[in-house]
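Every chain is numbered from 1, with letters handed out A, B, ... down the list of sequences. As a basis for the values below, the full set of heavy atoms in this structure was taken, side chains included, without hydrogen atoms, waters or symmetry mates. Every value quoted in this text rests on a predicted model; they were computed, and no experiment measured them.
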Amino acid sequence: MATVVLPSGELVEVRGGDLLAVLTERGETAAAVVVDGQLRDLRDPLPPAGEARVVGLDHPAALDVLRHTASHILAHAVTRLYPGAKLAIGPAIDDGFYYDFRFPEPVNRDDLPRIEAEMRKIIAENLPIARVWLGRAEAEALLAERGEVYKLELLREIPDEQISFYRQGEFLDLCRGPHLPATGLARHVALLDVAGAYWRGDPSRDMLTRIYGTAFPTAEALAEHLKWREEARKRDHRILGPALDLFSIQNETIGAGLVLWHPKGARVRHEIETFWKGEHYNAGYQLVASPHIGRARLWETSGHLDFYKDGMYAPMDIEGQEFYLKPMNCPFHIAIYKTHTRSYRDLPIRYAELGTVYRFERSGVLHGLLRVRGFTQDDAHIICRPDQIEDEVLACLDLTLRILGAFGFRDYKVALSVRDPEHRERYIGSDAMWDEAEQSLVAALERKGLPHTRMEGEAVFYGPKIDLHVLDSLKRAWQLTTIQFDFNEPERFDMAYIGDDGQAHRPYMVHRALLGSLERFFGILIEHYGGAFPAWLAPVQAVVLPVTEAEVPYAEGVTNELRAAGIRAEAWTKERKTLRWLIREAQVQKVPYMLVCGAREAAGGVVAVRLRTGEDLGPQPVSAVVSRIRDAVSSRGTAL
RNA sequence: GCCCGUGUAGCUCAGUCGGCAGAGCACUUCCUUGGUAAGGAAGAGGCCGUCGGUUCGAUUCCGACCGCGGGCUCCA
């Protein structure tokens, strides 16, 4: 006898542990039951004691169960349609599920509707889903008979003697569960994509075919998700970038992963850089600049030729000396530091640079602006005393939030990466340094009120770090900021400062990038704003549109006035086009302000203002337009 | 690198079951003087990704290569 809490909050007594029977009797449907914090099947025998809470399909905890069951329905459909297909794994993932198969024939996106139709049949059949326990030998014989080589491999790694399988109709799959009680509950499913995936992510093993899908408790939630995907697709910076004439990547002429910034993209970049530089000077940074190549000995000293050679391009021979294209800026900044003997009074020193680096990335991973081979980091190195590190990290976070906030990023997720406690020998630097650095990171995050997730073993070998992810307007997370301690290079370059004791001491060095790289950040910004940049970033802020040729001189005069006021304005007068055409063109180009000049406006010394939003502000004096745009620019907001 | 898909005009895409290559947009010229998301006409524009094979003949069929897109552990 057990007491169970229903989704409604009602309590029921369950005898003999058959919870599903009780629910069926009451005419209730549910997804699973949480017993002592653990999700379990409704069909599992209930423990005599302990808190049990039934969760409905719409409960967040049930989402994974729903999607896991959907992945089984997918596998079921595949085994019906493709006899001989081998099953691998099929987990629920962040916003859906996938299942990996080895198909007897190639399967592509065009096959998805057919598979999805079969899934709908299985859902309509509303097959009960039941757990089946098999002994190890029995399980092995079963899987061997079916030729399920991947499942056999998984089975060998399961320590238990009783092996859990799930059955729905004629389909049986090795699975730890839990699952929904019947296939009919997974009604709102969709298959999305097909892709290749290595068995266990290992490039030396079989290439499987992965089918991605998603499932939601309601038709509305599914429709909303599909709409969201569509919206994300429309914002793809690789489409918008060339369409808005912002940038191009030309593999044949320039090279893969190398970006050409067109005038409009370069203008946005200029605005970002100008803002960035100002904020850095205000925050006590000194801007420096360094070359694109350096001698091999520099990279030997830094250690990059030891641990980063795979990411570097081949050396070039210059008058018998080997030079390398730089993958990072740090050695140059350190070299600047070392040009003087530094006193403890000089610290902290903060060197910042928009430094362009080149890194080798395999062609398959290149992706628009988000993964490139040549990019400009918004890099800085903070060199300081141990007693300064916490304040420095805090100041860094302040600067980060101020700068990211200006771009409309106000939701953050922070990860703190620390050593793997099991393998301290893999890391450089003393325990005391690691502890001190980690404490400063945690203290700074706490003082800033930023919750963080601690990631054991995620630190790089040379120091702990904070990574900051932002959520964009579609709630997608992008990793931008990284703040990391470096215990390696100060040692290798023998960096020092003279303390108040007259002795040389090793400084701490913090390596940080706030935006990451300008290329990647620009790509993210394009998607965040869907190409419709706020007034302060818009490459063209206003276009002046004459209605007829007679107003061209007036339009040019207005344009000059705007330009004199520091507004990026263009008169669209080169060619006689209808106003309708000009407006459409301005909308497509996502220009924030459209200033129409017809006979009426010219006579009255005003312009008719149309916003990118479609809003018509009617006739306005040019001075009013100027102050409106100036306000929008100085607020850095999205309001026009 | 690997799996699947894909490559035709500057862009978006038709098409050729093997026989001189098509549209819309953009571009050039002309007509139109227009009021808030495309006014009309004409013209120009092509190594049909590259190399090889089959064939009287290949953009089309076959093979290799190159480029691009999706993806490559969030473990039964």
Side-chain angles (χ1 to χ4, degrees), chain A residues 64 67-68 71-72 75 87-103 105-112 139 143 148 150-158 160 163-166 173-177 192-212 233 236 238-239 242-243 245 248-253 255-256 361-368 545-552 575-590 594-601 608-612 614-619:
Chain A
D64 276 359
R67 288 169 175 173
H68 192 184
S71 94
H72 269 221
L87 307 176
I89 56 169
I93 55 175
D94 269 356
D95 44 28
F97 63 87
Y98 67 79
Y99 210 110
D100 286 348
F101 306 94
R102 195 177 75 205
F103 282 101
E105 58 193 281
V107 165
N108 60 43
R109 205 162 299 185
D110 298 337
D111 298 311
L112 294 183
L143 292 175
E148 292 289 3
Y150 306 107
K151 294 289 182 189
L152 275 171
E153 187 175 327
L154 294 171
L155 175 65
R156 278 195 288 276
E157 289 167 21
I158 300 172
D160 315 328
I163 310 294
S164 160
F165 283 75
Y166 275 82
D173 192 9
L174 172 73
C175 181
R176 74 177 159 199
L192 301 173
D193 245 322
V194 45
Y198 295 110
W199 169 232
R200 318 213 108 181
D202 183 346
S204 68
R205 311 208 54 185
D206 292 355
M207 175 57 76
L208 306 174
T209 303
R210 172 169 299 179
I211 296 179
Y212 283 96
R233 201 184 58 76
D236 191 326
R238 293 165 305 173
I239 309 291
D245 201 13
S248 61
I249 296 174
Q250 305 175 22
N251 298 282
E252 289 80 7
T253 41
E361 301 278 4
R362 292 178 305 164
S363 61
V365 307
L366 297 176
H367 184 88
L545 312 175
V547 175
T548 75
E549 201 158 4
E551 292 90 34
V552 167
E575 202 179 351
R576 293 302 333 121
K577 294 278 189 186
T578 58
L579 182 61
R580 287 169 64 79
W581 189 93
L582 293 169
I583 296 273
R584 184 187 135 83
E585 190 60 18
Q587 285 293 147
V588 169
Q589 292 294 316
K590 303 181 194 289
M594 290 156 236
L595 311 178
V596 176
C597 301
R600 293 197 296 272
E601 288 77 16
V609 180
R610 178 196 163 103
L611 302 181
R612 179 172 61 195
E615 197 181 342
D616 186 349
L617 302 182

**Request:** Might you work through the side-chain contact (heavy atoms from CB on, under 4.5 Å) test for A/F101 and A/V194, ending with a clear yes or no?
**Result:** CA-CA 11 Å; A/F101 306 94; A/V194 45; over 6 Å; no

**Message:** Could you go through A/K151 and A/D173, starting from their C-alpha distance and side-chain angles, then the distance that decides it, and tell me whether this counts as salt bridge (Lys or Arg N to Asp or Glu O under 4.0 Å)?
**Reply:** CA-CA 9 Å; A/K151 294 289 182 189; A/D173 192 9; 3.0 Å; yes

Tabulated below should be each protein N or O lying under 3.5 Å from an N or O of nucleotides 62-68 of chain B; please produce it.
unit_1 : atom_1 : unit_2 : atom_2 : d
B/G67  : O2'    : A/E252 : OE2    : 3.3
B/C68  : OP1    : A/N251 : OD1    : 2.5
B/C68  : OP1    : A/N251 : ND2    : 3.1

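At the phosphate of B/A37, OP1 or OP2 sits under 4.0 Å from a side-chain N or O atom of A/R610. Residue A/R584 places no side-chain N or O under 4.0 Å from the OP1 or OP2 atom of B/A38. For the pair A/W581 and B/G40, the criterion of a side-chain N or O lying under 4.0 Å from OP1 or OP2 is not met. Look at A/H72 and you won't find any side-chain N or O under 4.0 angstrom from OP1 or OP2 of B/A76. The side chain of A/T578 contributes an N or O atom lying less than 4.0 Å from OP1 or OP2 of B/G39.
One N or O on the side chain of A/T548 and one on the backbone of A/A550 form a donor-acceptor pair closer than 3.5 Å. Using a distance-only test at 3.5 Å, with no hydrogens or angles considered, no donor-acceptor pair links the side chain of A/D236 to the main chain of A/R233. Counting only distance, with no hydrogens or angles, the side chain of A/E148 and the backbone of A/L87 share a donor-acceptor pair below 3.5 Å. With A/R67 contributing its side chain and A/D94 its backbone, the two residues share a donor-acceptor pair below 3.5 Å.
Note on A/R210 versus A/D100: salt bridge recorded, some NZ/NE/NH1/NH2 to OD/OE distance being below 4.0 Å. Residues A/D202 and A/R200 are not paired through a salt bridge, judged by the lack of any N-O separation under 4.0 Å between the basic side chain and the carboxylate.
With B/U73, B/C3, B/A37 as the choices, the nucleotide that has an atom nearest any side-chain atom of A/Y98 turns out to be B/U73. Among B/G71, B/G35, B/A76, the nucleotide with an atom closest to any side-chain atom of A/A608 is B/G35. Taking the side chain of A/V596 as heavy atoms from C-beta on, and the options B/U33, B/U73, B/U36, the nearest nucleotide is B/U36. Looking at the side chain of A/R600, the nearest of the listed nucleotides B/U33, B/G35, B/A76 is B/G35. Picking from B/A76, B/G71, B/G1 the nucleotide with the shortest atom distance to the side chain of A/Y198 gives B/G1. For A/D160, counting side-chain heavy atoms from C-beta on, the closest listed nucleotide (B/A76, B/C72, B/A37) is B/A76. If you check B/G35, B/C2, B/G70 against the side chain of A/A599, the one that comes closest is B/G35. Listed candidates were B/G71, B/C4, B/G35. Nearest to the side chain of A/V547 is B/G35. Each of B/C72, B/G35, B/C74 was ranked by its minimum atom distance to the side chain of A/A197; first place goes to B/C72.
Note that the CD atom of A/E585 and the CE atom of A/M594 stand 11.0 Å from one another [nearest 0.5 Å].
Atom CG in A/L545 sits about 12 Å away from atom C1' in B/A37, given to the nearest Å. In this structure, A/L154 atom CG and B/A76 atom C1' are separated by 5 Å, rounded to whole Å. Computed from coordinates, the A/Q250 CD to B/C11 C1' distance equals 14 Å when rounded to whole Å. As rounded to whole Å, 12 Å separates atom C1' of B/C74 from atom CZ of A/R176. Atom C1' of nucleotide B/A38 and atom CZ of A/R580 are separated by 8 Å, given to the nearest angstrom. Atom P of nucleotide B/G35 and atom CG of A/D616 are separated by 15 Å, given to the nearest angstrom. If you take CD1 of A/I211 and C1' of B/C72, they are 15 Å apart, rounded to a whole angstrom. Here B/C2 presents its C1' atom at 12 Å from CG of A/D202, a figure rounded to the nearest Å.
Rounded to whole Å, the separation between the C1' atoms of B/G7 and B/G49 comes to 6 Å. B/G67 sits 42 Å from B/A42 when the P atoms are compared, rounded to a whole Å. Atom name C1', nucleotides B/G46 and B/C13: the rounded distance is 15 Å, in whole Å. Across the P atoms, B/C11 and B/C48 are found 15 Å apart, a figure rounded to whole Å. Nucleotides B/G69 and B/C27 have their P atoms positioned 27 Å apart, rounded to a whole Å. Of the P atoms belonging to B/A41 and B/U36, the separation is 22 Å, rounded to the nearest Å. B/C68 and B/U8: their C1' atoms are spaced 15 Å apart (whole Å). For the C1' atoms, the distance linking B/U55 with B/A9 amounts to 29 Å, nearest Å.
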**Prompt:** Tell me, what's RNA chain B's dot-bracket, Watson-Crick or G-U with both distances under 3.5 Å, | for other-strand, [ ] crossing?
**Reply:** (((((((..((((.....[..)))).(((((.......))))).....(((((..]....))))))))))))....

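Across all strands, A/I89 comes closer than 4.0 Å only to sugar-phosphate atoms, never to a base (heavy-atom distances). Here A/K151 lies in heavy-atom contact (under 4.0 Å) with sugar-phosphate atoms only. Residue contacts shown for A/F165 are absent, as no nucleic acid heavy atom lies under 4.0 Å away. Heavy atoms of A/A195 sit under 4.0 angstrom from at least one base atom. When heavy atoms are screened at a 4.0 angstrom cut-off, A/R200 is found touching base atoms of the nucleic acid. Among the atoms of the strands shown, base atoms are found under 4.0 Å from some heavy atom of A/D94.
Residues A/P619 and A/R600 are not in side-chain contact: their nearest non-hydrogen atoms beyond the backbone lie 4.5 Å or more apart. Under the 4.5 Å side-chain criterion, counting only non-hydrogen atoms from C-beta, A/Y150 is not in contact with A/L174. A/Q587 has its side chain within reach of A/R610: a pair of non-hydrogen atoms, C-beta onward, lies under 4.5 Å apart.
Side-chain rings of A/Y99 and A/F97 stay apart, their centers remaining 6.0 Å or farther from each other.
With the nearest nucleotide of RNA chain B identified for both A/E585 and A/L208, A/L208 has the one nearer the 5' end.
With hydrogens and angles ignored, a donor-acceptor pair closer than 3.5 Å exists between the side chain of A/E601 and the base of B/G35.
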